[in-house]
Undergrad: 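Before I ask anything, here is the structure I am working with.
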Amino acid sequence: MRSAPTAVFRSLADPTRRSIFESLSRDGEQTVGTLTDRSGVSQPAISKHLGILKHAGLVRARHLGRQTYYSAHAPALAPLVEWMSYYSSFWQERFYRLEDLLNRMDQ
Amino acid sequence: MNTPDTFSVVIERELPHPPEKLWRALTQPPLIKEWLMDNDFQAVAGQHFKFRAAPMPNWNGIIDCRVLVVEPLKKLSYSWASMGLDTTVMFTLIATKGGTIVRMEQSGFRSDRDANYQGATYGWRKFIASLERVVAGLP
């Protein structure tokens with residue numbers, strides 16, 4: 001494995017952050033206000049979650065006048081997708097070995 | 001079994017061997033070593049153990065584990081921590097007429113059911129599958 005996807009994992013381990021990221025991916029860029037209205041979570045909480053997502057590179061901010069617009073940055077998901085494809089092939093290969101071992105074991 | 005909030009890798013196979021044999025392959029260190037990795041596994045819940053693979057650049061080859069669930073012939077689960085990333089591996093065995101269905105699930109993060117955000121409309125797994133396509137199309 002090339003890089004540790006820790007920051008991406010940690011930031012997406014939280015269901016609220018996952019939902020924020022999902023919403024930004026699906027519906028395009030939004031302000032903290034819009035995200036708050038749709039969430040049922042307080043604005044400071046949303047801002048804190050956005051900060052963590054931003055730190056992990058998953059979210060980008062664009063300032064326009066007094067508003068800040070947040071958008072999803074999909075390429076930051078690459079380590080996570082890599083993790084998944086790494087372990088998919090890892091376990092598939094190990095399962096072939098397991099089958100081979102079972103065939104060699106008695107009884 | 002279906003936890004859409006969990007990001008995971010799943011392998012499921014039906015093998016023409018009895019659960020007893022599979023259980024041995026999953027729990028006896030010399031056998032585990034043959035198909036998975038060198039280890040000091042003990043089938044006791046709460047026990048810490050390590051898998052050791054050949055070190056690679058940026059990785060010492062060590063996976064720190066702790067046994068979480070031991071249900072002989074049915075279920076085996078351990079934590080799997082490597083490079084600061086905590087995951088959980090779970091094996092489930094189901095006896096069939098011709099052998100055993102073995103299912104392995106490695107979960108990237110635990111499902112947290114009390115999400116209080118209203119925006120989630122579709123499962124994480126489906127979501128990540130669509131993003132995988134997005135990322136695949138990137139330069």
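So you know, we letter chains A, B, ... as the sequences are listed, proteins then strands, and number each from 1.
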Undergrad: Parallel, tilted or perpendicular: which describes the rings of F91(B) and W91(A), with under 30° parallel and over 60° perpendicular?
TA: perpendicular

Undergrad: Kindly check if the number of other-residue, nucleotide or ligand heavy atoms within 6.0 Å of CZ (R13(B)) is above 12?
TA: yes

Undergrad: For V102(B) and F95(A), what are the C-alpha separation, side-chain angles and deciding distance, and is it a side-chain contact (heavy atoms from CB on, under 4.5 Å)?
TA: CA-CA 10 Å; V102(B) 54; F95(A) 263 64; 3.8 Å; yes

Undergrad: In the single-linkage hydrophobic clustering (I, L, V, M, F, W, Y; side-chain heavy atoms under 4.5 Å), do L73(B) and V89(B) co-cluster?
TA: yes

Undergrad: Select one option (side chain, backbone, both, neither) describing which atoms of L101(A) are under 4.5 Å from chain B's heavy atoms.
TA: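 Side chain of L101(A) only, per the 4.5 Å heavy-atom cut-off to chain B.
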
Undergrad: Sort L15(B) into side chain, backbone, both or neither according to what part of it lies under 4.5 angstrom from a heavy atom of chain A.
TA: side chain

Undergrad: Same hydrophobic cluster for V8(A) and Y86(A), using side-chain heavy-atom links shorter than 4.5 Å among ILVMFWY?
TA: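 V8(A) and Y86(A): one cluster.
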
Undergrad: Against chain B, label D27(A) side chain, backbone, both or neither, depending on which of its atoms sit under 4.5 Å from a heavy atom there.
TA: neither

Undergrad: Membership question, hydrophobic clusters at under 4.5 Å side-chain separation (ILVMFWY): are Y69(A) and F21(A) in the same one?
TA: no

Undergrad: Step by step, would you call M104(B) with R94(A) a side-chain contact (heavy atoms from CB on, under 4.5 Å)?
TA: CA-CA 11 Å; M104(B) 188 292 308; R94(A) 299 301 154 133; over 6 Å; no

Undergrad: Counting only heavy atoms closer than 4.5 Å, note whether E93(A) contacts chain B via side chain, backbone, both or neither.
TA: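 For E93(A), no heavy atom lies under 4.5 Å from chain B.
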
Undergrad: side-chain contact (heavy atoms from CB on, under 4.5 Å) between L98(A) and L36(B): does it pass, once the steps are laid out?
TA: CA-CA 8 Å; L98(A) 173 63; L36(B) 190 51; over 6 Å; no

Undergrad: Flag yes if M37(B) and W35(B) sit in one hydrophobic cluster, no otherwise; membership is Ile, Leu, Val, Met, Phe, Trp, Tyr, and two members link when side-chain heavy atoms are under 4.5 Å apart.
TA: yes

Undergrad: Test M105(A) against H17(B) for side-chain contact (heavy atoms from CB on, under 4.5 Å), laying out the working first.
TA: CA-CA 10 Å; M105(A) 281 166 68; H17(B) 303 279; over 6 Å; no

Undergrad: Side chain from CB out, backbone as N, CA, C, O: work out which of these in L31(B) comes under 4.5 Å of a heavy atom of chain A, or both, or neither.
TA: both

Undergrad: Linking I/L/V/M/F/W/Y whenever their side-chain heavy atoms sit closer than 4.5 Å, directly or via other members, would W23(B) and F49(B) fall into one cluster?
TA: yes

Undergrad: Atom CD1 in I11(B), atom CZ in F90(A): separation rounded to 0.5 Å?
TA: 10.5 Å

